[in-house]
Amino acid sequence: MTPKELMISRYEAFVKKEWVYLAKTSVSQTVAELEQAPVLEWLKLDVLHVTHDTVEFKAYYKEHDTLHVLHEKSTFIQDNGIWKYKDGELYNTKIERNASCPCGSGKKYKKCCIKKS
């Protein structure tokens, strides 16, 4: 499994709340720690850039009826020949108003799920 494949499988595990798999594929995350994560509804994953041991992605999610984006550059290391998630660098990113809405409606974000101030 490549770092990109691992990152995608870990995203799918977050969607399904498969905490044991996530801990097993991480260098330091524990099941207890992962179970304390906020309840999120994961909507969409975009892989942006891949290198030998990093994957940059945007994962869109809904929390308390508000859409958010997690933009991270994840680093992976090999442990006995098996790739594992090491850590990630978070970016301060927002969903652009003219981007397609991550909810899947086909509308622009500004015409769909954006919260009016």
Side-chain angles (χ1 to χ4, degrees):
M1 182 176 294
T2 66
K4 179 182 176 183
E5 292 168 334
L6 177 58
M7 196 282 306
I8 292 169
S9 74
R10 285 178 53 82
Y11 169 80
E12 292 168 353
F14 270 104
V15 170
K16 298 173 185 173
K17 298 175 179 51
E18 295 175 346
W19 310 130
V20 173
Y21 176 78
L22 288 163
K24 182 178 142 188
T25 58
S26 169
V27 172
S28 62
Q29 292 175 313
T30 66
V31 172
E33 173 186 287
L34 290 160
E35 288 176 335
Q36 299 302 313
V39 176
L40 306 174
E41 178 187 352
W42 295 97
L43 303 171
K44 179 182 169 187
L45 174 68
D46 289 332
V47 176
L48 305 175
H49 184 71
V50 178
T51 68
H52 169 69
D53 63 351
T54 65
V55 178
E56 183 180 349
F57 67 91
K58 288 183 179 179
Y60 299 88
Y61 63 94
K62 190 180 283 190
E63 181 179 31
H64 305 297
D65 293 326
T66 303
L67 287 177
H68 301 277
V69 60
L70 170 70
H71 184 180
E72 179 177 314
K73 183 177 182 182
S74 297
T75 302
F76 298 86
I77 62 170
Q78 284 195 329
D79 181 16
N80 292 324
I82 298 171
W83 286 103
K84 290 190 174 186
Y85 171 79
K86 180 183 174 203
D87 56 25
E89 176 184 353
L90 295 175
Y91 297 99
N92 187 10
T93 302
K94 64 180 184 174
I95 303 169
E96 297 298 323
R97 293 173 43 80
N98 288 318
S100 294
C101 193
C103 77
S105 68
K107 298 178 184 177
K108 288 186 178 186
Y109 179 58
K110 69 182 179 184
K111 297 285 187 181
C112 190
C113 292
I114 194 168
K115 295 286 185 188
K116 307 290 188 247
S117 302

Would you say [atom1] of [X] has more than 12 non-hydrogen atoms from neighbouring residues, nucleotides or ligands within 6.0 angstrom?
X     : atom1 : answer
Lys17 : NZ    : yes
Lys84 : NZ    : yes
Lys44 : NZ    : yes

May I have the list of side-chain donor-acceptor pairs in residues 26-42 shorter than 3.5 Å, sequence neighbours left out?
unit_1 : atom_1 : unit_2 : atom_2 : d
Ser26  : OG     : Ser28  : N      : 3.2
Ser26  : OG     : Gln29  : N      : 2.9
Ser26  : OG     : Gln29  : OE1    : 3.4
Gln29  : OE1    : Arg10  : NH2    : 2.6
Thr30  : OG1    : Glu33  : N      : 3.0

Which atom pair, heavy atoms only, marks the closest approach of [X] to [Y]?
X     : Y      : answer
Leu6  : Phe76  : CD2-CD2, 3.7 Å
Glu72 : Gly88  : OE2-CA, 3.5 Å
Asp53 : Pro3   : CA-CG, 4.3 Å
Ala59 : Leu45  : CB-CD1, 4.2 Å
Leu67 : Cys101 : CD1-SG, 3.8 Å

For this session: Could you label the plane-to-plane angle of the His71 and Tyr91 rings as parallel, tilted or perpendicular, counting under 30° as parallel and over 60° as perpendicular?
Result: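 The rings of His71 and Tyr91 sit tilted, inter-plane angle from 30° to 60°.
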Problem set entry | Check against side-chain contact (heavy atoms from CB on, under 4.5 Å), Lys58 and Ile95 | CA-CA 10 Å; Lys58 288 183 179 179; Ile95 303 169; over 6 Å; no
For this session: Give a yes or no answer on whether the side chain of Tyr21 reaches the backbone of Phe14 with a donor-acceptor pair at less than 3.5 Å.
Result: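 Side chain of Tyr21 to backbone of Phe14: no pair is present.
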Exercise. Are side-chain heavy atoms of Leu70 and Phe57 found at a separation under 4.5 Å?
Worked result: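 Of all side-chain heavy-atom pairs linking Phe57 with Leu70, at least one is under 4.5 Å.
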To the nearest 0.5 angstrom, please state how far the [atom1] atom of [X] sits from the [atom2] atom of [Y].
X     : Y      : atom1 : atom2 : answer
Glu5  : Ile8   : CD    : CD1   : 7.5 Å
Thr54 : Lys73  : OG1   : NZ    : 5.0 Å
Asn98 : Tyr109 : CG    : OH    : 12.5 Å

